[in-house]
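To keep things clear, I will list the structure first and then write my remarks on it.
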2 protein chains.
Amino acid sequence: MSATDKVWTAGLVVIGDEILSGRTHDKNIAQVASWLQVQGIRLSEVRVVPDVEARIAEAVNALREAYDYLFTTGGIGPTHDDITVDAVARALCVPVVIHPEARAMLERYYASRDMTLTEARLRMARVPEGAELIPNRMSGAPGIKLGNLHLMAGVPHITAGMLDALTGTLEGGAPLLSETVGCWTAESEVADILREVEKAHENCQIGSYPFFRDGKVGANFVVRSTAADDLASCIDTLCEALGEAGVDFTPGGI
Amino acid sequence: MSATDKVWTAGLVVIGDEILSGRTHDKNIAQVASWLQVQGIRLSEVRVVPDVEARIAEAVNALREAYDYLFTTGGIGPTHDDITVDAVARALCVPVVIHPEARAMLERYYASRDMTLTEARLRMARVPEGAELIPNRMSGAPGIKLGNLHLMAGVPHITAGMLDALTGTLEGGAPLLSETVGCWTAESEVADILREVEKAHENCQIGSYPFFRDGKVGANFVVRSTAADDLASCIDTLCEALGEAGVDFTPGGI
């Protein structure tokens with residue numbers, strides 16, 4: 001594999017009792033995943049863990065070593081259940097310090113709103129020693145970058161602002177391209193075709209995603225590859241094979 | 001801790017490249033989490049892994065040992081990318097066999113629709129040796145139960161049918177109760193109150209969930225406990241403290 005073929009990988013730790021209780025439907029997995037695709041980085045694993053320092057530290061340590069990048073969402077706010085910074089500092093064996101620039105950002109933010117920087121709000125300037133900040137246009141509180149770690153907010157539109165600030169700053173590889181073909185046929189009807197077409201195109205993976213809509217079954221077949229030519233050729237072969245089998249298909253998916 | 005105090009725990013492995021690519025927004029984490037709450041079982045960890053046999057097997061082995069129950073979603077359909085059964089068999093070091101009852105179910109299902117049980121469809125009768133079936137009213141293909149493992153479909157409405165079939169069959173403990181109080185105040189304003197109230201009620205956890213809606217910030221505070229009395233008392237104390245601080249709050253949340 002040449003250097004340019006390197007597949008860059010990332011792990012994501014989603015932190016929060018509210019996700020594990022079912023109270024909040026996570027939106028950050030899909031958001032971070034889609035953003036990473038564009039950066040040429042593959043999301044390889046996600047772990048959702050509760051607001052327990054040791055559990056967060058354990059997941060952070062496992063994934064930061066396994067992948068090129070690690071992202072976390074949740075637990076960087078001002079309240080007592082926001083313990084991500086403490087957990088990460090523990091994982092990295094560094095102390096927690098007040099970041100002077102974060103403190104200044106919070107001071108400006110609250111002063112401009114005629115509010116005071118209380119001790120609780122100052123919690124949002126705490127970082128594991130050695131960290132840089134990820135700017136956040138949505139609220140005064142920044143995200144945190146330390147080595148390959150990126151600690152982001154849990155509220156999805158604030159997470160989005162932090163991802164935006166990170167856009168183009170992380171080294172990635174060729175983005176994973178994908179193209180979809182859909183049909184109103186049960187996936188089990190065409191399972192052999194999918195298997196054979198995938199086998200004949202070694203740089204491509206085909207995913208089959210069945211659905212049940214308007215009282216009918218159907219499926220979308222998603223071909224993924226980092227090579228545009230291979231992707232196009234695999235899609236052509238797939239459409240040809242579906243056509244030969246008499247399956248009415250829709251390029252682009254249904 | 002008496003036997004009745006036992007906290008029953010579960011892990012969930014969500015299997016599928018489509019979740020990690022951002023193409024599909026997962027709905028099963030929230031669905032499984034909410035269902036487990038009612039069974040008196042606490043969802044303690046979720047891992048999302050790709051369609052790679054070794055990665056699935058690794059996650060299954062880690063979580064089935066760490067928690068009382070393990071659930072998986074995804075990868076039990078008829079196509080080449082459905083490899084959950086093989087991965088779990090590998091994790092448990094047992095062979096994959098055709099389950100005669102599953103085969104009969106699929107035969108009936110397809111016969112009633114004037115369709116044949118092809119080899120691809122018969123894949124859905126494959127189970128790790130020793131498994132029982134989880135009935136599925138939505139399609140012919142059953143889920144799979146083996147020891148503390150429960151392998152379910154990835155398509156959310158089919159997963160729902162399988163959870164429905166499992167309702168009341170798993171031993172659990174006291175369900176985690178929760179009550180919510182909301183306010184149109186930044187959580188940082190009341191962080192001290194939350195911390196102190198939680199400290200004074202050791203059987204309760206308070207989660208703080210900020211939001212930004214209609215141009216205003218607010219937060220919901222969710223108190224969780226397995227003891228109804230403690231929960232009520234904690235909510236009372238919290239409301240009293242918010243009232244004393246001049247914070248206008250809404251019982252039930254906003």
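Convention: sequence-line order gives letters A, B, ...; per-chain numbering from 1. Because the structure is a prediction, the values reported are computed rather than measured.
- Contact annotation for B:Glu198: only side-chain heavy atoms (C-beta onward) come within less than 4.5 Å of a heavy atom of chain A.
- Between chain B and the options A:Glu119, A:Glu187, A:His25, A:Gln31, the largest number of non-hydrogen pairs under 4.5 Å is found for A:Glu187.
- Judged by distance alone, with hydrogens and angles left aside, the side-chain atoms of B:Thr180 form no donor-acceptor pair with the main-chain N or O of B:Gly253 at under 3.5 Å.
- Judged by distance alone, the side chain of A:Thr185 and the main-chain N or O of A:Ala219 form no donor-acceptor pair under 3.5 Å.
- Minimum heavy-atom separation, B:Ile193 to B:Ala241: CG2-CB, 3.6 Å.
- Contact annotation for B:Ser208: both backbone and side-chain heavy atoms come within less than 4.5 Å of a heavy atom of chain A.
- Both the backbone and the side chain of B:Glu18 come within less than 4.5 Å of a heavy atom in chain A.
- Within the 4.5 angstrom heavy-atom criterion, atoms from both the backbone and the side chain of B:Ile206 approach chain A.
- When side chains are defined from C-beta on, B:Leu122 counts as touching B:Ile98, because their heavy atoms get closer than 4.5 Å.
- Side-chain contact check for A:Val217 versus A:Pro210: every heavy-atom pair is 4.5 Å or farther apart.
- Most heavy-atom pairs under 4.5 Å with chain B, from the set A:Arg121, A:Arg224, A:Glu189, A:Lys27: that is A:Arg121.
- Residue B:Arg213 places its CZ atom among more than 12 non-hydrogen atoms of other residues, nucleotides or ligands, all under 6.0 Å distant.
- Not a single donor-acceptor pair under 3.5 Å links the side chain of A:Asp214 to the backbone N or O of A:Lys216.
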* Stepwise, does the side chain to side chain contact (heavy atoms under 4.5 Å, CB included) test hold for B:Leu177 with B:Thr226? -> CA-CA 6 Å; B:Leu177 308 171; B:Thr226 52; over 6 Å; no
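- Between chain B and the residues A:Ser188, A:Gly207, A:Gly22, the most heavy-atom pairs under 4.5 angstrom are made by A:Ser188.
- Remark: the backbone N or O of A:Gly154 is paired with a side-chain donor or acceptor of A:Asn28 at under 3.5 angstrom.
- If you tally non-hydrogen atom pairs under 4.5 Å between each of A:Asp26, A:Leu194, A:Val14 and chain B, the highest count goes to A:Leu194.
- Neither the backbone nor the side chain of A:Leu176 comes within less than 4.5 Å of any heavy atom in chain B.
- The choice from A:Met124, A:Arg195, A:Lys199 that makes the most heavy-atom pairs within less than 4.5 Å of chain B is A:Arg195.
- Interface with chain A: from residues 41-48 of chain B, residues B:Leu43, B:Ser44, B:Glu45, B:Val46, B:Arg47, B:Val48 qualify, criterion being any non-hydrogen pair under 4.5 Å.
- Ranked by heavy-atom pairs under 4.5 Å with chain A, the list B:Phe211, B:Phe212, B:Trp35 is led by B:Phe212.
- Salt bridge annotation for B:Asp86-B:Arg126: present, with a cationic side-chain nitrogen under 4.0 angstrom from a carboxylate oxygen.
- With chain B as the partner, the residue from A:Arg123, A:Gln205, A:Arg23 showing the most heavy-atom pairs under 4.5 Å is A:Arg23.
- Proximity to chain A at a heavy-atom threshold of 4.5 Å picks out B:Tyr67 from residues 61-71 of chain B, in numerical order.
- With a 4.5 Å cut-off on non-hydrogen atoms, B:Phe221 does not touch chain A at all.
- Near-neighbour residues of residues 156-164 of chain B relative to chain A, defined by a heavy atom under 4.5 Å from a heavy atom of that chain, comprise B:His157.
- Of residues 50-60 of chain B, those residues lying under 4.5 Å from chain A by any heavy-atom pair are B:Pro50, B:Arg55.
- Both the backbone and the side chain of A:Ser21 have a heavy atom closer than 4.5 Å to some heavy atom of chain B.
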